[in-house]
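Here is the structure we will look at, set down as structure tokens.
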Amino acid sequence: MPTREPARPHGRHTPVRAKARRSAGDVLAGIGSLIVLVALVGGVPYALLTFVGPPIAPELLDLDLLTSRVGPSTVVAVLVLLVWLAWFQLFVCVLVEVYAGVRRVGMPARVPLSGGTQALANKLVGAVLLLFTAGAMVVPLAKLAPTPAATPVTAVAYSAPIVEKTTLDTHKTKKVYVVQPPHGRHHESLWEIAEKCLGDGRRYPEIYRLNQAKEQPDGSRLRMADLIRPGWVLDMPDDARHAHIVPVDQPREQTLREHPGRASVGQHADRHADSKTGHAEKKVEAKHRQPDQQQQPDRPQATIRQSQTTDLTDYLATASLAAAGLLVVLARRRREQLWRRVFGRRIARPRDDAAQAEVALRLGGDAPGARILDIGLRLLGAELAAQNRTPPTVYGAHLSARTLDLWIHPPDGDAPAPWAAQDGGQVWRLPAHEGRLLPERRSSGGESGANESRSGRDHEYAQAGGAPYPGLVSIGTDAGGRVLIDLEAAQGLINVRGPQTTAALAALAVELATNRWSDRMRITLVGFGEELTAIAPDRIRAVGGLAEVLPELEAIAAPRREVLTGRITGSPRDAHYLLSAVAPTHEEARRLALLARRDTAGYVLAGEVPHATWTLEIGDDGRARIAELGFDVQAQLLPRRHYQALIDLFRTASRVDGEALSEAEPLAGLHPPAVEIRMLGPIEVTGLRPLEEGRLALAAELLVYLATHPGGVHPSVLGGVLWPRGVQDMVRDATIARVAEWLGPQHLHTDEAGRISLGPEVRTDWALFRELVRRSHGDPTARAVLLEKALGLVRGPLLSGRQPGRYAWLAAEDLEYDVAAEVADAAHQLCELRLAHGQPDAAVAAVRAALLLAVDDEGLWRDLLRATHATEDTVRLRAVVEGLTRRAASHPYGGGMAPETEALIEELLPTWRIHVVRESSA
């Protein structure tokens, strides 16, 4: 995009020649398009009128045509009419495209039933218009820039005792915006970019006109205003915010390499200031600045801390499949922590980078995608086993919001339903909507015939195991989704090279160790990753060198076909993968290569490995490339800091000592508040007028955060909490203003430092719960009544019903941990009191109320067992035991039951195992 020239020293405007923007090839293309357009628009009707006749022949005007026999002349007349109609359709398309191009209205209007015709007209008219608008011409500089340009920026360097002034060279620059990858189902649009960067979504045609038909890094061009792709670099108007500033002649590929993400907060502020002063094109290069000059002195410390953890989110949140697996393993560890929680203490929670790592995992975890991979692959294996077919070699997979594609070799057009063969059988595709329905289809009882049989096999297979492709693992993302390779499909060594080799190996190891789509697996890490055993000790082991494991690998090698058949028939062997950060010696590489040719394992080695089947190159730009497969993606990496944050997170989740509960702020009274925020169950806000559904979720989250931070919160912190991936200041401030209007000025206060807090008449049910429990400790006579009132506030899991991706900040707060512990402790106290007074039914009711929220606290289940046993109703006790054992066996996070719980069941109901065995066999 052209920019203004700097002001001339003496103010004279000498004529200059504007640089041509089209090559000779573009001119020839424009001339050719003009000739074709003239031929189509004028030549076709001339030829028709000369040699054929008008559109409607006399034969078609004869009323007897409907009843008489159709002759050759009538058929010819109909064909002539159709040709005329086709020409008229093209003529209308040309008019529409010419109007859109000349008037620059952005996206042309759509001509009905003219998809291909209008596309042709678009290309021809675009080339012709560019021919007439791209010519070079001599014009006065004053006409190019009617507003006088500002004087050049000067940098002043101070050195005692002399003050030296140095005028820096000015460079032509422009503002660009990099289209970001989708988040969940959200995709960026020109309207949204205009709203974020220009303050008004209706300005999107300006962005469209600046970028129409310009080549993007992926080789495509902007043809339609509603079709943009992640990774495109869009030229922006001079007043754009949240944009990068780059040299005007910088190639888009280089811009994308240097600025793959959004512009930082500091850049936003600096560039906005530049646009106000007219100096955007004179930006001083970063190398001329001191580090402390790049910080904004008025930014609150919380915002600075938040920006320091942004890269944790950028890496971990984008590793969506690994994040989903890590969250499942983490939840299992937390459940085991709850087994050992003692009264009056909560389980240990992560801090600092470890807490931010969990926030990132919650933001990025793609549980639906992991489920589709898991169930879809198992169903595929089950169907192939039913047909006595060996699974094909899957060398890669692509997971997007719409499909799961498997790239197979050799091509096979016979894909079992619901998979479908594409591209001549080279791709087997499972639509995402089919994948999401698979669990419901398994459990459905309304199907019959073949469907019913297949459903039964699928259910049995999913329970028995049989993951056919456990070696599928992500290497990175492209514009459409996530790219995976199967480590076993190489049937040879995989070589990893580049400056970030260890970070790539660590990312592979973490996803392999935690994925859902594999069963029995062993991962051997060589020369790195000993700490990763904290995440998956049953799957990962670390050794110092290849010599330690080579003899074992050679001894346990198994033929490929035998292993694949065993997986899909329910008798799988352990899958084994070796990831080495140590370069092998020549002899070790030879032995591993021979082993890989006959074994079904996967071998990934760093260093220079001769004769590797695949080579994974990790470039300085963060791209991962496998030339043999034609893959070029944004690499999935786990750098040292992120790696250490994950290790600290899982080490915290292994602690059994617990932590003291945080102190509660006493309430002045128990009178009903003007506004109540209910958190102990589904999210509700009472005492206010209804708010439209689309805005309620965000407004409620804002209120919950403010209510749990009574000291006040700065708007910049709120922006980072509610929009962890970034938001425009205007959007943030508008949201806060809308919530303030909803609450009323008496309930939302702002102090001198700009911090926002809620008024005293806004209260949460959690604050009331803590106050009731606190008062129960000081009043023994009313203790049971107060505890019962407190537990009566519990309606379900904390903040249940929240949208996916919301409230990720809870991972770095005390709230979740305090609520679960204090609700369980209150129920335990009330249960003990009721049992002491001979009221077992009331004790049961107290525990069941707490289980609505703290369902994984097995201390509560043991209280329930004791209280139910006190009722002396054996049938009722057996029902509780059966429900508990079923829940433990099918728990989404696994782990069974705590040993203390099993011991208590043995004591209270010695025959329970017999009933469990009978029920399972039935």
Side-chain angles (χ1 to χ4, degrees), residues 257 260 311-312 314-316 318-319 321-322 396 471-478 482-490 492-514 523-533 535-536 540-550 553 576-586 588-589 592-593 596 601-647:
R257 287 196 300 269
D311 61 334
L312 279 169
D314 289 344
Y315 274 92
L316 294 176
T318 55
L321 294 178
L472 275 174
V473 63
S474 302
I475 60 169
T477 56
D478 62 8
R482 182 158 298 277
V483 176
L484 302 90
I485 61 171
D486 188 353
L487 302 183
E488 299 177 7
L493 304 182
I494 303 174
N495 186 201
V496 182
R497 299 176 183 172
Q500 304 185 74
T501 296
T502 304
L505 290 172
L508 292 176
V510 167
E511 186 172 309
L512 283 171
T514 59
I523 305 168
T524 300
L525 308 180
V526 182
F528 80 106
E530 185 177 358
E531 304 90 344
L532 288 176
T533 55
I535 296 177
I540 294 179
R541 66 167 175 169
V543 298
L546 288 167
E548 298 181 42
V549 294
L550 259 174
L553 296 178
H576 182 243
Y577 306 104
L578 177 111
L579 309 179
S580 176
V582 178
T585 65
H586 180 77
E588 289 170 341
L592 283 170
Y603 302 91
V604 185
L605 309 172
E608 296 294 329
V609 180
H611 311 300
T613 304
W614 298 342
T615 299
L616 176 61
E617 292 276 359
I618 310 294
D620 293 329
D621 56 354
R623 304 290 296 181
R625 301 173 177 86
I626 303 180
E628 295 85 356
L629 302 180
F631 291 163
D632 185 344
V633 298
Q634 187 64 38
Q636 179 168 298
L637 304 172
L638 191 60
R640 181 65 193 178
R641 182 185 173 196
H642 311 74
Y643 172 90
Q644 191 57 51
L646 285 181
I647 299 303

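Because only heavy atoms are used, hydrogens play no part in the values below, and waters and symmetry mates are left out as well, while side chains stay in.
Applying the side chain to side chain contact (heavy atoms under 4.5 Å, CB included) rule to Arg257 yields the partners Glu253, Gln254, Asp621; only residues at least two apart in sequence or on another chain are considered. Residues passing the side chain to side chain contact (heavy atoms under 4.5 Å, CB included) test with Asp486, sequence neighbours excluded: Tyr469, Leu472, Glu488, Ala489.
Side-chain contact between Thr501 and Ile618 is absent, with no heavy-atom pair separated by less than 4.5 Å. For the pair Arg497/Glu608, a side-chain contact is recorded, criterion being any heavy-atom separation below 4.5 Å from C-beta on. Annotation: side chain of Tyr603 is in contact with side chain of Leu553 (closest heavy-atom distance under 4.5 Å). Residues Thr477 and Gln636 are not in side-chain contact: their nearest non-hydrogen atoms beyond the backbone lie 4.5 Å or more apart. For the pair Leu638 and Leu646, the minimum side-chain heavy-atom distance is below 4.5 Å. Residues Val609 and Val496 have side chains not in contact (no heavy-atom distance under 4.5 Å, counting atoms from C-beta outward). When side chains are defined from C-beta on, Ile485 counts as touching Trp614, because their heavy atoms get closer than 4.5 Å. When side chains are defined from C-beta on, Val510 counts as touching Leu532, because their heavy atoms get closer than 4.5 Å.
Listed here is the closest heavy atom pair of Ala583 and Gly607: CB-CA, 3.9 Å. Shown here for Gly619 and Gln500, the closest heavy-atom pair between the two residues is O-NE2, 3.7 Å. The shortest heavy-atom contact between Pro499 and Asp620 is CG-OD1, 2.9 Å. Closest approach of Leu579 and Leu505 over heavy atoms only: CD1-O, 3.9 Å. Residues Ala581 and Phe528 come closest through the heavy atom pair CB-CD2, 3.7 Å. Taking each heavy atom of Leu546 and Pro584 in turn, the nearest pair found is CD1-CB, 3.5 Å.
Within the model, atoms OG1 of Thr318 and CG of Leu321 stand 11.0 Å from one another, a figure rounded to the nearest 0.5 Å. Atom-to-atom distance recorded for Ser580:OG and Leu605:CG is 5.5 Å, nearest 0.5 angstrom. For the atom pair CG of Leu616 and CG of Leu629, the computed distance is 10.0 Å after rounding to the nearest 0.5 Å. Atom CZ in Phe631 sits 9.0 Å away from atom CG in Leu484 (nearest 0.5 Å). To the nearest 0.5 Å, atoms NE2 (His642) and CD1 (Ile647) are separated by 13.5 Å. In this structure, CD on Glu531 lies 11.0 Å from CD1 on Ile540, to the nearest 0.5 angstrom.
Under the side-chain contact (heavy atoms from CB on, under 4.5 Å) rule, Ile523 has a single partner from Thr533, Leu508, Leu512, which is Leu512.
Dense packing is recorded around CD of Glu628, with more than 12 heavy atoms of other residues, nucleotides or ligands lying under 6.0 Å away.
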Practice prompt. Given side-chain contact (heavy atoms from CB on, under 4.5 Å), test Val582 with Val526 step by step and report yes or no.
Written response: CA-CA 6 Å; Val582 178; Val526 182; 4.2 Å; yes
Worksheet item: Would Asp478 and Gln634 satisfy side-chain contact (heavy atoms from CB on, under 4.5 Å), going step by step from the backbone distance to the final call?
Response: CA-CA 6 Å; Asp478 62 8; Gln634 187 64 38; over 6 Å; no
Discussion item. Under the criterion side-chain contact (heavy atoms from CB on, under 4.5 Å), I'd like the reasoning laid out for Leu493 against His611: C-alpha separation, chi angles, the key distance, then a yes or no.
Written reply: CA-CA 8 Å; Leu493 304 182; His611 311 300; over 6 Å; no
Discussion item. Checking Leu578 against Val604 for the side-chain contact (heavy atoms from CB on, under 4.5 Å) test, could you report, in this order, the C-alpha distance in whole Å, the side-chain angles of both residues, the deciding distance, and whether it holds?
Written reply: CA-CA 6 Å; Leu578 177 111; Val604 185; over 6 Å; no
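Arg625 has no carboxylate O lying under 4.0 Å from a charged side-chain N of Glu617, or vice versa, which leaves the two without a salt bridge.
Gln644 contributes no side-chain N or O that, together with a main-chain N or O of Arg641, makes up a donor-acceptor pair within less than 3.5 Å. When atom types are taken as modelled, the side chain of Glu548 and the backbone of Gly544 share a donor-acceptor pair closer than 3.5 angstrom.
A donor and an acceptor atom, one from each side chain of Thr524 and Arg541, are located under 3.5 Å apart.
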